[in-house]
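In what follows, a single structure is set out as structure tokens and then discussed.
Hydrogens, waters and symmetry mates play no part in the numbers below; they use all other heavy atoms, side chains included.
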Amino acid sequence: MSIGLLLPFIILIGAMFLMTRSAKNKQRQAATMRNQMEPGSGVRTIGGMYAVVKEVNEDTVLLELADGVHAHFAKNSIGAVLDQSEYDRIVHGIEPDELEDGSEDEAAATDEDAVTAEAADDERIDLSKTEDEPKKDGTDPK
């Protein structure tokens, strides 16, 4: 057999080895993340639901979905453990505190946005139907 015939097979086996290795690394990182969960952590499930961890068991997690609403999830269903600031930003809409140096620029931008919003309000067109308009079939509404 010539090396030319074996080369594609060697490359294929090498690519498969690299793919399985990266998949194992991702699985290991996900398991480490799930094991570092503790009560009070904000999490996102693989289905996209945001919740707070109330209790961590061996294979399950008790999550608080809303005030007083609890549900048990499998640990494998946790997609990401979020920082407190990121959880607050996503769920509650609380932005992290800005630096004082940037607050003056932000205030000026807010004033400009308010003026632009007022101009947009003036340019709005009323699309509501009135009684004076004829019907589409050509008959008079009166």
Side-chain angles (χ1 to χ4, degrees), residues 1-139 141:
M1 288 184 102
S2 73
I3 194 110
L5 293 174
L6 291 177
L7 187 61
F9 292 113
I10 293 171
I11 292 174
L12 182 65
I13 290 171
M16 289 175 52
F17 173 74
L18 291 175
M19 285 190 281
T20 57
R21 185 174 176 193
S22 66
K24 286 181 183 180
N25 285 338
K26 287 181 183 179
Q27 288 176 347
R28 189 178 314 117
Q29 289 174 348
T32 302
M33 180 232 3
R34 290 180 184 122
N35 290 332
Q36 291 176 348
M37 274 189 303
E38 55 187 31
S41 300
V43 296
R44 183 184 65 233
T45 65
I46 58 174
M49 185 181 305
Y50 292 90
V52 176
V53 176
K54 287 297 177 184
E55 187 178 304
V56 179
N57 300 319
E58 188 173 328
D59 293 329
T60 61
V61 179
L62 179 66
L63 299 180
E64 184 176 31
L65 308 176
D67 292 335
V69 180
H70 296 83
H72 286 277
F73 282 80
K75 267 191 177 179
N76 292 339
S77 68
I78 304 300
V81 178
L82 307 172
D83 296 330
Q84 186 63 36
S85 61
E86 184 178 6
Y87 180 80
D88 287 339
R89 181 183 61 81
I90 293 170
V91 175
H92 303 294
I94 300 171
E95 293 295 327
D97 294 312
E98 300 291 328
L99 296 175
E100 290 186 24
D101 295 338
S103 63
E104 293 175 7
D105 296 334
E106 185 178 324
T110 305
D111 292 338
E112 291 174 7
D113 292 341
V115 170
T116 306
E118 288 176 11
D121 288 342
D122 293 338
E123 296 174 5
R124 288 188 181 162
I125 300 171
D126 183 21
L127 297 176
S128 62
K129 292 185 177 182
T130 62
E131 293 182 18
D132 296 335
E133 294 178 9
K135 290 184 180 178
K136 289 186 180 180
D137 61 2
T139 60

Separation between OH of Y50 and NE2 of H92, rounded to the nearest 0.5 Å: 12.5 Å
Atom of V81, atom of S41 and distance for their closest heavy-atom approach: CG1-CB, 4.2 Å
Q29 and N25: side chain donor to acceptor below 3.5 Å: no
Main-chain N/O of N57 paired to T60 side chain as donor or acceptor, under 3.5 Å: no
K75 vs D59 side-chain heavy atoms within contact, under 4.5 Å: no
Gap separating the CG atom of L5 from the CD1 atom of I10, nearest 0.5 angstrom: 11.0 Å
Option from I46, V43, T45 for which side-chain contact (heavy atoms from CB on, under 4.5 Å) with F73 holds: T45
Value rounded to 0.5 Å, distance of CD in E95 from CZ in R89: 6.5 Å
L62 and V53, any side-chain heavy atoms less than 4.5 Å apart: no
Nearest heavy atoms of G40 and Q84, plus distance in Å: O-OE1, 3.9 Å
Shortest non-hydrogen separation from R34 to N76 and the atoms involved: NH2-O, 3.3 Å
Heavy-atom closest contact (L65 atom, M49 atom, distance): CD2-SD, 3.3 Å
Contact summary for M19 and S22, nearest pair of heavy atoms: O-OG, 3.0 Å
Heavy-atom side-chain contact between Y87 and R44 under 4.5 Å: no
Closest heavy-atom pair and its distance - M33, I78: CE-O, 4.1 Å
